[in-house]
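First comes the structure, then the notes that go with it.
From a predicted model like this one, the values you see are computed outputs, not experimental measurements.
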Amino acid sequence: MLTFAAAVFFLIITPGPGVLTTAGVGSAFGTRAGILYVIGLFIGTNLVALAVVTGLGALLLANPYLRTLLFIASTCYLLYLAWRIFSTGAKLAFIEAKSAPGIGNGIALQMINPKAYAVNTSLFSGFSFLPDSFLTEIMIKFLIVNAIWIPIHLLWLYLGLTLHRLALPDQALKAINFAMGMAMLLVIALAAWGFTQGGAL
């Protein structure tokens with residue numbers, strides 16, 4: 001369970017379309033618009049998680065080959081995302097918005113956000129800690145994911161509200177990107193270790 005919580009933290013805190021747009025909306029439109037957008041992202045990410053669980057849960061339990069395939073596919077995407085983070089150099093590439101988005105925009109983004117599907121597939125298909133009670137495990141995972149998801153997205157919103165006012169040197173920006181990229185590689189390693197151990201931790 002602790003391995004699962006660590007994976008949730010690192011997967012969510014590293015940049016993807018959701019957190020980057022959260023920072024961008026906060027930077028461009030302020031606190032109120034940012035909070036509304038985060039509410040939409042929250043609803044959307046839980047809808048994606050439900051789609052993953054209800055559509056793949058039985059298949060994942062019955063078909064280890066499909067579980068392995070999904071794990072490999074999501075890991076490949078996360079490796080690609082880590083490479084993109086490392087390659088940005090001295091630029092924090094927050095995604096800019098031209099008009100203030102709302103709850104609906106946040107929901108819509110998560111429904112087409114490949115990181116949301118990759119993350120939820122990795123989390124809900126691996127890191128099994130209650131193999132004899134799948135439903136209970138899924139409910140606990142939802143609680144853990146949301147308990148970590150909310151403060152992390154509020155943190156990214158806060159960063160978006162403040163970072164654009166700061167003139168950070170190139171070295172500082174490179175260090176931030178390096179730390180985010182390393183965090184992504186760490187969670188990939190955690191997921192791979194948990195997968196090879198049969199999800200025992």
Side-chain angles (χ1 to χ4, degrees), residues 1-20 22-23 38 41-57 59-61 63-86 109-110 113-156 159 176-201:
M1 190 181 300
L2 291 177
T3 302
F4 175 77
V8 171
F9 175 81
F10 287 112
L11 277 170
I12 295 176
I13 203 168
T14 50
V19 293
L20 291 177
T22 295
V38 168
L41 291 177
F42 174 79
I43 295 170
T45 197
N46 279 281
L47 289 176
V48 170
L50 283 172
V52 167
V53 170
T54 57
L56 298 177
L59 292 174
L60 291 174
L61 289 176
N63 191 335
Y65 300 104
L66 178 58
R67 179 175 176 267
T68 300
L69 179 63
L70 291 170
F71 177 79
I72 292 172
S74 61
T75 299
C76 288
Y77 173 74
L78 295 174
L79 283 169
Y80 166 75
L81 190 58
W83 173 77
R84 290 292 303 272
I85 295 168
F86 281 121
L109 175 71
Q110 291 296 66
N113 178 3
K115 185 187 176 187
Y117 289 93
V119 166
N120 282 294
T121 299
S122 294
L123 294 176
F124 287 98
S125 66
F127 302 99
S128 177
F129 49 83
L130 289 175
D132 296 327
S133 183
F134 179 72
L135 180 59
T136 301
E137 178 182 311
I138 292 299
M139 292 174 65
I140 293 173
K141 283 183 173 180
F142 267 97
L143 290 175
I144 293 172
V145 168
N146 285 305
I148 295 172
W149 190 99
I150 293 171
I152 285 178
H153 279 72
L154 292 177
L155 173 63
W156 274 94
L159 290 175
I176 292 171
N177 285 332
F178 179 79
M180 291 188 296
M182 289 303 295
M184 182 65 76
L185 292 180
L186 174 61
V187 78
I188 292 169
L190 282 171
W193 182 74
F195 188 82
T196 58
Q197 297 297 313
L201 296 179

- Item | Over all atoms of both residues, closest heavy-atom pair of H153 and V38 |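 Nearest pair, atom of H153 first, then V38: CB-CG1, 4.2 Å.
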- Message: I need the minimum non-hydrogen distance between Q110 and G18, along with the two atoms involved.
- Response: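 Shortest heavy-atom contact: OE1-CA, 4.4 Å.
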- Query: At what distance, to the nearest 0.5 angstrom, does CD1 of I152 lie from OG1 of T22?
  - Reply: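 Rounded to the nearest 0.5 Å, the CD1-OG1 separation comes to 11.5 Å.
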- Task: Any chance you could measure L50, atom CG, to T45, atom OG1, to the nearest 0.5 Å?
- Result: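 Taking CG in L50 and OG1 in T45, the distance rounds to 10.0 Å.
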- Who passes ring pair (Phe, Tyr, Trp, His ring centres under 6.0 Å) against F42, sequence neighbours left out?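 Partners of F42 under the ring pair (Phe, Tyr, Trp, His ring centres under 6.0 Å) test: W149.
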Please report, to 0.1 Å, the donor-acceptor pairs under 3.5 Å made by any side chain of residues 141-148, with sequence neighbours excluded.
{"residue": "K141", "atom": "NZ", "partner": "L123", "partner atom": "O", "Å": "3.0"}
{"residue": "K141", "atom": "NZ", "partner": "G126", "partner atom": "O", "Å": "2.6"}
{"residue": "K141", "atom": "NZ", "partner": "E137", "partner atom": "OE2", "Å": "3.0"}
{"residue": "N146", "atom": "OD1", "partner": "N46", "partner atom": "ND2", "Å": "3.0"}
{"residue": "N146", "atom": "ND2", "partner": "N46", "partner atom": "OD1", "Å": "3.0"}
{"residue": "N146", "atom": "ND2", "partner": "F142", "partner atom": "O", "Å": "2.9"}

